[in-house]
Engineer: 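Encoded as structure tokens, here's the structure I'll be asking about.
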Number of protein chains: 2
Amino acid sequence: MNEQSIPYSPEQYRTPDGAPTDIVVFTITSTQKAGIKKSLPIRSLEVMLIKRKKWPYEGKWALPGGFTLETETVQQCAQRELMEETGVSGLHLEQFNVYSSPGRDPRGWMISHAFFALVQETYVASRRTSDEAADVRLIPVEEALSMELAFDHRDIISDALDKIRLRMMTSTIAKEFLPERFTMSELYQVIQAVVPSFQERNFIRKITSTQSRKGIIEEMRDSKGQLLMSNQYSQRPAQLYRFTDYTPELSIYG
Amino acid sequence: MNEQSIPYSPEQYRTPDGAPTDIVVFTITSTQKAGIKKSLPIRSLEVMLIKRKKWPYEGKWALPGGFTLETETVQQCAQRELMEETGVSGLHLEQFNVYSSPGRDPRGWMISHAFFALVQETYVASRRTSDEAADVRLIPVEEALSMELAFDHRDIISDALDKIRLRMMTSTIAKEFLPERFTMSELYQVIQAVVPSFQERNFIRKITSTQSRKGIIEEMRDSKGQLLMSNQYSQRPAQLYRFTDYTPELSIYG
DNA sequence: AAAATAGTGTCTGTTAGACATTATAAA
DNA sequence: TTTATAATGTCTAACAGACACTATTTT
């Protein structure tokens, strides 16, 4: 390959100083109310932040993330950096936006690719500090949004929150926050933890017996055909369900 | 700034060779049936492609696009490159995916940011060739998907099509393809041009008199309060409507 | 009169939404 | 026996979906 046959050459242009990724890991923590044994827990939507060890924004809270290598996709980078910085791996990451305002990163010209993941609390139980992170913590989202974070990470978390709220109502991502088997109350609580305005008085009935929607979840039975129940959160046992692979197609036109 | 106080330095790492953008401009062309004067046109969803002048993929059809400058966002880059390569400007562009597979671009390590736009045919009437483009043409999407295109542009168009099909059903982007005033048939045809499987026998009634949906569009009246009508496409005049700013919130849970 | 598109009537079964009521087991 | 959560009953108005039918203008 010589200069004449190849009109393009990176040397002649200013190129980016890096292609970082930032990962917004959401989880829902459950806290049992004190003094009451069988009751619904308080559920809180939290985001995983790290305390930076290095310049820039040393000592500030930030999203985990790091620089993409030439040999990987941005998706693979996000997986790798999450593992390296926090010890958490195997999450389902979804890319949702790109941040490219000039000057957003004091290290140079950086175009950042933002991902989000929704996980059960147990998936981030293995979190640990690292070379990059002096601390790794779950912070309630509303609190995180009021903190002074590194870079434009406050905006990124805010955008991610908008996105997962939309997705929570229009897809079955609620399953990412739930165990394989769950009760209607657990599902209802999870939706409310993400979308506080959500309210549906006839929730159980709509999701179980409405023709166009009942395919979303299915009841669970044991080998004898008996309905599986749980009384983990209630006096009266509640029926257990699981998500199917079906997601209804929504339309504003009918 | 010296090396000791700044642990990060782009010089020590391999950095990307560029941050290109690719723009998928969709339009719907209207063709009047021959011999019939007042009839609904045949509408075809088409995508704007350019014929490349330079290496790589010289002479191949490709999406318009180009390299981001240090002084702009990827969004601004997409606007600028679209103008430079095709003469088209002022479109509403939406970023929908990132393409970063190693080896996807023979010029080097390129992480590409893909945008789509939906526009009326008149908006791309000003298209013209340029230094980069030997030809600029509208190609029917199905045909474009069967062509041998430059880079991974076939995948990008395919992903963009999936995205706008979803958005067509769940938002009011149909308005991007339509004039300010339109008839129910025009709206119906536009939806069908994007989502061929769309069928709704009681379309007019649902969108005009269903309580939860009627805020999407509103009927148009002249200064005397008379309903505005059009007989552009029909013997019997059809009522004219316009979109409002309202989009219903969809939910799979009720 | 025929053609082409616009728009309404009417029917049945389903769903939304509100709220009262009953059920089950633990504390 | 009270408490906390689970689940059903009941009612009305709105809506979905199917299809027949009427309306308005040009050719």
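Predicted, not measured: the structure shown is a model, and the values here were computed from it. Chain identifiers are assigned alphabetically (A, B, ...) following the order of the sequence lines, protein sequences preceding nucleic acid strands; residue numbering begins at 1 within each chain.
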Engineer: Rounded to whole angstroms, how far apart are NZ on A/K33 and P on D/dT3?
Structural biologist: 15 Å
Engineer: Counting only side-chain heavy atoms from C-beta out, which of C/dT24, D/dT5, D/dA7 sits nearest to A/Q239?
Structural biologist: D/dA7
Engineer: Starting at CE of A/M184 and ending at P of D/dT8, how long is that distance when rounded to a whole Å?
Structural biologist: 11 Å
Engineer: Rounded to whole Å, how long is the line connecting atom CD of B/E186 with atom P of C/dT5?
Structural biologist: 13 Å
Engineer: Of the candidate nucleotides D/dA6, C/dA16, D/dA16, which contains the atom at the shortest distance from the side chain of A/T183?
Structural biologist: D/dA6
Engineer: Give a yes/no on whether any side-chain N or O of A/K206 is located under 4.0 angstrom from OP1 or OP2 of C/dG17.
Structural biologist: yes
Engineer: Between B/S234 and D/dT24, does any side-chain N or O lie under 4.0 Å from OP1 or OP2?
Structural biologist: no
Engineer: Send over the distance from A/N231 CG to D/dA4 C1', rounded to a whole Å.
Structural biologist: 12 Å
Engineer: Does a side-chain N or O of A/S185 approach OP1 or OP2 of D/dA6 to a distance below 4.0 Å, or not?
Structural biologist: yes
Engineer: Check this for me: does the side-chain of B/R205 come within 3.5 Å of the base of C/dG9 through a donor and an acceptor?
Structural biologist: yes
Engineer: Indicate yes or no for a side-chain donor-acceptor contact from B/Q235 to the backbone of B/P237 under 3.5 Å, with no hydrogens or angles considered.
Structural biologist: no
Engineer: Whether A/T210 contacts C/dA16 is assessed here as follows: a side-chain N or O lying under 4.0 Å from the phosphate OP1 or OP2. Is that the case?
Structural biologist: yes
Engineer: Using a strict cut-off of less than 4.0 Å between a Lys/Arg side-chain nitrogen and an Asp/Glu carboxylate oxygen, indicate whether A/E94 and A/R167 qualify as a salt bridge.
Structural biologist: yes
Engineer: Looking at B/L91, B/V88, B/L93, which hits side chain to side chain contact (heavy atoms under 4.5 Å, CB included) with B/I23?
Structural biologist: B/L93
Engineer: Side chain of B/Q211, heavy atoms from C-beta onward: which of D/dA4, D/dA14, C/dT5 has the nearest atom to it?
Structural biologist: D/dA14
Engineer: Atom CD1 of A/I207 to atom C1' of D/dA6: distance rounded to whole Å?
Structural biologist: 16 Å
Engineer: Map B/K38 and B/I204 onto DNA chain C by nearest heavy atom, then report which one ends up closer to the 5' terminus.
Structural biologist: B/K38
Engineer: Regarding C/dC19, can its base be found pairing with the side chain of A/N202 as donor and acceptor, where the two atoms are less than 3.5 Å apart?
Structural biologist: yes
Engineer: Write down the distance between CD (B/Q235) and P (D/dT26), rounded to a whole number of angstrom.
Structural biologist: 8 Å
Engineer: Can you confirm whether the side chains of B/Y99 and B/D22 place a donor and an acceptor under 3.5 Å from each other?
Structural biologist: no
Engineer: Taking atom types as they are modelled, is there a donor-acceptor pair under 3.5 Å from the base of C/dA23 to the side chain of A/R236?
Structural biologist: yes
Engineer: Given atom CZ of B/R43 and atom P of C/dT5, what is their separation to the nearest angstrom?
Structural biologist: 12 Å
Engineer: A/L227 has an atom CG; how far is it from atom C1' of D/dA7, in whole Å?
Structural biologist: 13 Å
Engineer: Where the side chain of A/R201 is concerned, which of D/dA7, C/dC19, D/dA16 is the nearest nucleotide?
Structural biologist: C/dC19
Engineer: I'd like to know if the side chain of B/E46 and the backbone of B/T27 have a donor-acceptor N/O pair within less than 3.5 Å.
Structural biologist: no
